[in-house]
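Inspection log for the structure reproduced underneath, given as structure tokens.
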Amino acid sequence: MKVRSRFAPSPTGSLHIGNVRSGLFAWLFARHHGGVFILRIDDTDRERSSKESLEEQLDDLRWLGMDWDEGPPDPAYFQTNRVERHRAAALTLLREGKAYPCYCSAEELDAKRKQAEREHRRPVYDRKCRNLDFPSDLALPDKAAGRNYTIRFKAPLDGETVLEDLVKGRMVFQNADLDDWIIIRSDGSPIYNFASVLDDADLRITHIVRGDDHVPNTPRQIQMFKALGFEPPAFAHLPQVLGPDGSPLSKRHGATSVVAYREGGYFPEAMLNYLARLGWSHGDQEIFSKDELIQFFDFADCGKSAGVFNPEKLLWLNFHYLKERPVAQLAREVTPFIEKRGWPIPGDDAWLEKMVATLHERAKTLDELAEFASFYLKDDITIDAKAAAKFLKPEIAAPLRTLAAEIDSIEGEFSAAAVQQVFERVLAKFNFKLGQLAQPVRVAITGGTVSPGIYEVIEVLGKHRTVERLNSAVKLTEQRA
RNA sequence: GGUCCCAUCGUCUAGUGGUUAGGACACCGGCCUCUCACGUCGGGAACGCGGGUUCGACUCCCGCUGGGAUCACCA
């Protein structure tokens, strides 16, 4: 049987790191087995669902390369479009005696629950309405029509429900511990747990891959698959992704959405690689291409315990992918991050590539790369006060002036090698060591004490801009004198 | 509280009865060096506790402790 797995996000906000990880594993599993990956939109929470969230999440998925074989924009893959199917199935269950109407009010139920908690009893539905007689042609709830009841699933009272989980192993649940849950609300709408089972069944999902927070619901769902006449699919429940403090990853842990990293200048390769290695491993290997991930992925290699999201390792992976990226590609990719800052690019593509090359092994993200390029792009650089105080002292004015003149007189190709020759002459003339001149020059032309090699910086900056900056630095030293 | 799950360096993990318990991130130090990085060499750092089983337990079993998930007319 062909593998069919799915990812079913709710478009109620940004796509969460922990969430996509489950989706990624479902995707990897499908691709590994040459199966079908399905994207279903669980948008039944109309209050919080939005078109914007949906588009953003789809963009995230496309960015990560998690392509789907079935799903949006096909309307059949939106849960809200299936409520009639859900209701019809509930009605069938009712007719078959596998479900029944419950006339208990929400308030009544709530009171009982609280009472049970006070008395340290299990806060489950007492099945008060289970054996009530009801007309064989009873219609589904409809508040407007005065049919103000809910429909409950008539769950088995004894026996056990077994979950053979692909990552967690065998779990046995006593049916006596499970209650008769509501499948249709008093307003006639289906409950997620019910809708979800029906959707998975109709979609012929063979493997449900999701977070292990769904485990407690699974025995009920297995029972529902059977009640509906379907063979339950296989399940793979993945452990949670936690924040540094050990609590489930949430907004207060900082950036936890895919879009935050996408916009933060991270590469999809890094994100994919990081997410895959969080909870899954393949020996000692750390770096995986997408194809390797697909080739090696197996639930048997997934850990059973929750993992802490480590932004620093993600950053390291991103750096790895950045280092091995061709400069031309990087130049293209960093452009939006420069434009975002409103900075000009004072040169052609070849120049931009040269610039990027000098920053290549110093920036860890595209965003950082853009930030570090500041002094190449803007002419109104700000000289760091502390750096100026330390390196732009009056006695450096003469060497700087000489250097400026020498650089200005370079004929022919303005290359790092040519610049180096000039430096050597000036160094000899003033009997300086390279460090004594390089740091002041660095401060003069970049505004700070940290930059790529001074010769290459000057080459990229060009003769004119270098000389100008050196001269204004000379003025600065004179002002300080 | 009920049900269920989990437990190797700070973090991600390898390990499936016999290993100096391995790798990676982070951290610390050396080298390289015009600064910062990169690179490179090296270092510290873990099997939660207690019982079994066994010639031998990180590995198997039980208990404890600790952590977590979930108990809605939310998804």
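Here is how names work: the chains are called A, B, and so on, in the same order as the sequence lines, proteins then strands, and each is numbered from 1. Since we're looking at a predicted model, the values are computed, not measured.
- You'll find that the side chain of Glu286(A) is closest to rG23(B), out of rG39(B), rC34(B), rG23(B).
- Closest heavy-atom contact between Ala99(A) and Leu94(A): O-CD1, 3.4 Å.
- Between rG39(B) and Lys323(A), a contact under 4.0 Å exists linking OP1 or OP2 to a side-chain N or O.
- Glu456(A) has its CD atom 11 Å from the C1' atom of rC34(B), to the nearest Å.
- Ranking rC6(B), rU3(B), rC34(B) by closeness to the Ile454(A) side chain, first place goes to rC34(B).
- Look at rC34(B): it lacks any Watson-Crick or wobble partner with both distances under 3.5 angstrom.
- Between the side chains of Arg210(A) and Thr218(A), at least one donor-acceptor pair of N or O atoms lies under 3.5 Å.
- When distances are taken from the side chain of Leu109(A) to each of rA75(B), rC73(B), rG10(B), the shortest belongs to rC73(B).
- When each of Gln285(A) and Tyr274(A) is assigned the nucleotide of RNA chain B with its nearest heavy atom, Tyr274(A) is the one assigned upstream, toward the 5' end.
- Distance from the side chain of Gln79(A) is smallest for rA75(B) among the nucleotides rA75(B), rC34(B), rC25(B).
- Taking only side-chain nitrogens and oxygens, Ser281(A) comes nearer than 4.0 Å to OP1 or OP2 of rA14(B).
- Taking the P atoms as reference points, rC49(B) lies 10 Å from rU59(B), given to the whole Å.
- Phe235(A) and His237(A) have parallel rings, their planes meeting at less than 30° on a 0 to 90° scale where 60° marks the start of perpendicular.
- In this structure, Arg147(A) is not positioned above the aromatic face of Tyr149(A) in the sense of NZ or CZ being under 6.0 Å from the six-membered ring centre and within 45° of the axis.
- In summary, of the residues considered (Leu39(A), Val20(A), Val258(A), Leu15(A)), a side chain to side chain contact (heavy atoms under 4.5 Å, CB included) with Gln57(A) occurs for Leu15(A) alone.
- Here Asp110(A) lies out of heavy-atom contact (under 4.0 Å) with every strand.
- Of the side-chain N and O atoms in Lys304(A), one or more sit less than 4.0 angstrom from OP1 or OP2 of rC6(B).
- Interface remark: the Ser186(A) side chain does form a donor-acceptor pair with the rC73(B) base, using a distance-only criterion of under 3.5 Å.
- Here the nucleotide nearest the side chain of Arg362(A), chosen from rC6(B), rA37(B), rC12(B), is rA37(B).
- rC38(B) and rC6(B) are spaced 40 Å apart, taking the P atom of each and rounding to whole Å.
- When both distances must be under 3.5 Å, the Watson-Crick or G-U wobble mate of rG10(B) is rC25(B).
- Rounded to whole Å, the P atom of rC25(B) lies 25 Å from the corresponding atom of rA7(B).
- Atom pair Asn310(A):CG and rG10(B):C1' shows a separation of 10 Å (rounding to whole Å applied).
- Side-chain atoms of Asp284(A) lie closest to rG22(B) of the nucleotides rG22(B), rC73(B), rC38(B).
- Pairing for rU3(B) goes to rA69(B), judged as Watson-Crick or G-U wobble with the two contacts each under 3.5 Å.
- The base of rG2(B) does not come close enough to the side chain of Asp177(A) for any donor and acceptor atom to sit less than 3.5 Å apart.
- Rounded to whole Å, the distance from CZ on Phe78(A) to P on rA75(B) is 18 Å.
- Put simply, CD1 on Ile287(A) is 18 Å from P on rC12(B), counting in whole angstrom units.
- For the ring-ring contact (aromatic ring centres under 6.0 Å, His included) with Phe288(A), the lone residue among Phe297(A), Tyr274(A), Trp280(A) that qualifies is Trp280(A).
- The gap from the P atom of rC71(B) to that of rC64(B) amounts to 26 Å, rounded to the nearest Å.
- With Tyr125(A) as the aromatic partner, Lys128(A) does not meet the cation-pi criteria of under 6.0 angstrom to the ring centre and within 45 degrees of the ring axis.
- Enclosure of atom NZ in Lys386(A) is not indicated, since only 12 or fewer non-hydrogen atoms of other residues, nucleotides or ligands lie within 6.0 angstrom.
- Of all nucleotides listed (rA75(B), rU35(B), rG23(B)), rU35(B) comes nearest to the side chain of Arg442(A).
- A cation-pi contact, defined as under 6.0 Å to the ring centre and within 45° of the axis, is absent between Arg220(A) and Phe153(A).
- With rU11(B), rC5(B), rC38(B) as the candidates, the nucleotide lying closest to the side chain of Phe319(A) is rC38(B).
- For the pair His237(A) NE2 and rC6(B) P, the computed distance is 13 Å after rounding to whole Å.
- Whole-Å rounding puts the Trp316(A) CH2 to rA37(B) P distance at 18 Å.
- Each of Tyr455(A) and Lys364(A) was assigned the nucleotide of RNA chain B with the nearest heavy atom; the assignment lying further toward the 5' end belongs to Tyr455(A).
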In 5'-to-3' order, the base (B), backbone-only (S) or no-contact (-) status of each nucleotide in nucleotides 60-71 of chain B, using a 4.0 angstrom heavy-atom cut-off, is ---------SSS
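- As rounded to the nearest Å, rA24(B) and rU8(B) have C1' atoms that lie 15 Å from one another.
- For rU54(B) and rC4(B), the P atoms lie 30 Å apart once the distance is rounded to whole Å.
- Between Tyr261(A) and Phe309(A), the angle of the ring planes goes over 60°, which puts this pair in the perpendicular group of the 30/60° scheme.
- Of the candidate nucleotides rU35(B), rU11(B), rC4(B), rC4(B) has the atom lying nearest to any side-chain atom of Phe173(A).
- Atoms CZ (Arg277(A)) and P (rG23(B)) sit 14 Å apart, rounded to a whole Å.
- Within the 4.0 angstrom heavy-atom criterion, no nucleotide atom of any strand lies near Gly448(A).
- The side chain of Lys313(A) has rC12(B) as its nearest neighbour among rG22(B), rC73(B), rC12(B).
- Figure legend: Arg362(A) and Phe372(A) shown without cation-pi pairing, the cationic atom not lying both under 6.0 angstrom from the six-membered ring centre and within 45 degrees of its axis.
- With rounding to whole Å, Leu238(A) atom CG is found 12 Å from rU13(B) atom P.
- With both ends at atom P, the span from rU20(B) to rA57(B) equals 16 Å, rounded to whole Å.
- rG48(B) is paired with rC64(B) under the Watson-Crick or G-U wobble criterion, all donor-acceptor distances under 3.5 Å.
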